[in-house]
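Only heavy atoms go into these numbers, but all of them, side chains included; no hydrogens, no water, no symmetry mates. Per chain, numbering begins at 1; letters A, B, ... match sequence-line order.
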Number of protein chains: 2
Amino acid sequence: MTNLEQYIQSYFDVQEEQLTSIASRFKYKEPAKNDFLLKQGRQCNQLSFIQKGLIRIYATVDDKEVTQWISTPGYFVTDLASFIFSTPARWNIQALTDCELYTIEKEDYNSLGNVVPEWHVLEKLFIAKCFIILEERVNSHLFMTAEERYNKLLQQQPDLFNQVPLQYLASMLGMTPETFSRLRKKQLK
Amino acid sequence: MTNLEQYIQSYFDVQEEQLTSIASRFKYKEPAKNDFLLKQGRQCNQLSFIQKGLIRIYATVDDKEVTQWISTPGYFVTDLASFIFSTPARWNIQALTDCELYTIEKEDYNSLGNVVPEWHVLEKLFIAKCFIILEERVNSHLFMTAEERYNKLLQQQPDLFNQVPLQYLASMLGMTPETFSRLRKKQLK
DNA sequence: TCGCAAAATTGATATATGTCAAGAATTTAT
DNA sequence: ATAAATTCTTGACATATATCAATTTTGCGA
């Protein structure tokens, strides 16, 4: 089983016979560092699995730039709202490093319903998982302080802390780089 | 077209012939004020449309009680994660007033795929809409201050402000009742 | 390898929001 | 209608986090 097939299986829980058929619709891509996969305002027509590299999702609104998330190998990346509803993208998606991706175009993605009988069910579950991830993030703001969010991220994704500019992590946790830096200092003691 | 059918249509964008069939699986209920539709830790087996009344979704974690949302007529209410994945519910769901609901049981809901051909597609879109609502809420914490969140809610749901205890609104916006009260005072000037 | 640009840190200070306690207002139950 | 309970408001104060500016460190391109 290829890496891509493993990724697909872990997300979509699809039967093995159909894996090859699904995987064949993804195309290998190697965006270079700083390349944009998507720009705010455009339409998002792709869903990508990250084999290698790091990708930042961010937006600029009223001069304020906010990093929404950093995606890492083994995960997918897209602007789900734009991808599903063909609305203008809210997010920029940019490679933080040279990357290796498997990308499916929206029209191929949408044709999967004709190929894999259970596809719409799997897709539903996939989106529901995305929902749960977001619910968790809302909760982190309702239940936790900035410091607790910092500690949680440090625990869950320690590697990120020496792979990406820390200001991006600060932003996705909803705090300034200065606050992030001070929490970091506190931790190191 | 009944109220219920209108609600279903607005959420699921289903064809008119199938509306009756779907609607027939919902049962009318009248929970009284303070009745629980769901308790944290249990499994959520119901999805309800609110015809009348107000419903609070909240959770208590480590002695901290957080209101996640207040649902109003014309909207549905459930613990989506628990409903879809049969996991223990994260949330309590409680009637803030006497209510009139249309409720569908999970097994009936799951059987809709056999009744309405396009059901899984509609369901996918429904969940995707829920995703977008949550994305919007995450953004409100990343881009906005407490005061901006207050003003946004006041603008979008002014009625809530004289229908439910304000401490619940404060909580769902991620602030204390005192802060909420002071922002309120500021507004009234 | 050097030099520049970006990022991170640090200190001083400002501001937003939280905490605690008391009292006023409102709602609910008897 | 009254009493009790809950909710809301207010003030004083504490704390977390933001802002601004200066400096150091790091990383990158020539």
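Distance, B:F180 CZ to C:dG18 P: 12 Å, rounded to whole Å. Atom CZ of B:R182 and atom C1' of C:dG18 are 9 Å apart (whole Å).
Below 30°, between 30° and 60°, or above 60°: for A:F83 and A:Y109 the angle between ring planes is above 60°, a perpendicular geometry. Ring geometry for A:F36 against A:Y58 counts as tilted: the plane angle lies between 30° and 60°, on a 0 to 90° scale.
Contact check of residues 139-155 of chain A against DNA chain C (heavy atom, cut-off under 4.0 Å) returns no residues at all. Against DNA chain C, the stretch residues 165-175 of chain B makes heavy-atom approaches under 4.0 Å through B:G174, B:M175.
Checked for salt-bridge contact, B:E100 and B:K29 miss the test: no charged N lies under 4.0 Å from a carboxylate O. Ionic pairing of A:E30 and A:K52 is not present here: no N-O contact between side-chain nitrogen and carboxylate oxygen is shorter than 4.0 angstrom. Between B:E65 and B:R56 there is a salt bridge, since a side-chain N of the basic residue sits under 4.0 Å from a carboxylate O of the acidic one. Ionic pairing of A:E147 and A:K186 is present here: one or more N-O contacts between side-chain nitrogen and carboxylate oxygen are shorter than 4.0 angstrom. Under a 4.0 Å N-O distance rule, the pair B:K152/B:E136 qualifies as a salt bridge.
At distances below 3.5 Å, at least one donor-acceptor pair connects side-chain atoms of B:T97 with backbone N or O atoms of B:L54. In this structure, A:T67 contributes its side chain and A:M172 its backbone to no donor-acceptor pair below 3.5 Å.
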Short N/O separations, protein against nucleotides 27-30 of chain C, under 3.5 angstrom:
residue : atom : partner : partner atom : Å
C:dT28  : OP1  : B:K33   : NZ           : 2.6

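Geometric assessment of A:K129 against the ring of A:F126 yields a negative cation-pi assignment under the 6.0 Å and 45° thresholds.
The end-to-end axis angle of the helix from C:dT1-D:dA30 to C:dT30-D:dA1, rounded to 10 degrees and based on five pairs per end, is 60°.
Under the rule for a salt bridge (Lys or Arg N to Asp or Glu O under 4.0 Å), B:R149 has no partner lying at least two apart in sequence or in another chain.
If you check distances only, the side chain of B:E178 does reach the base of C:dC20 with a donor-acceptor pair under 3.5 Å.
Identified under the side-chain hydrogen bond (donor to acceptor under 3.5 Å, both in side chains) test for residues 166-177 of chain B, with sequence neighbours left out: B:T176-B:T179.
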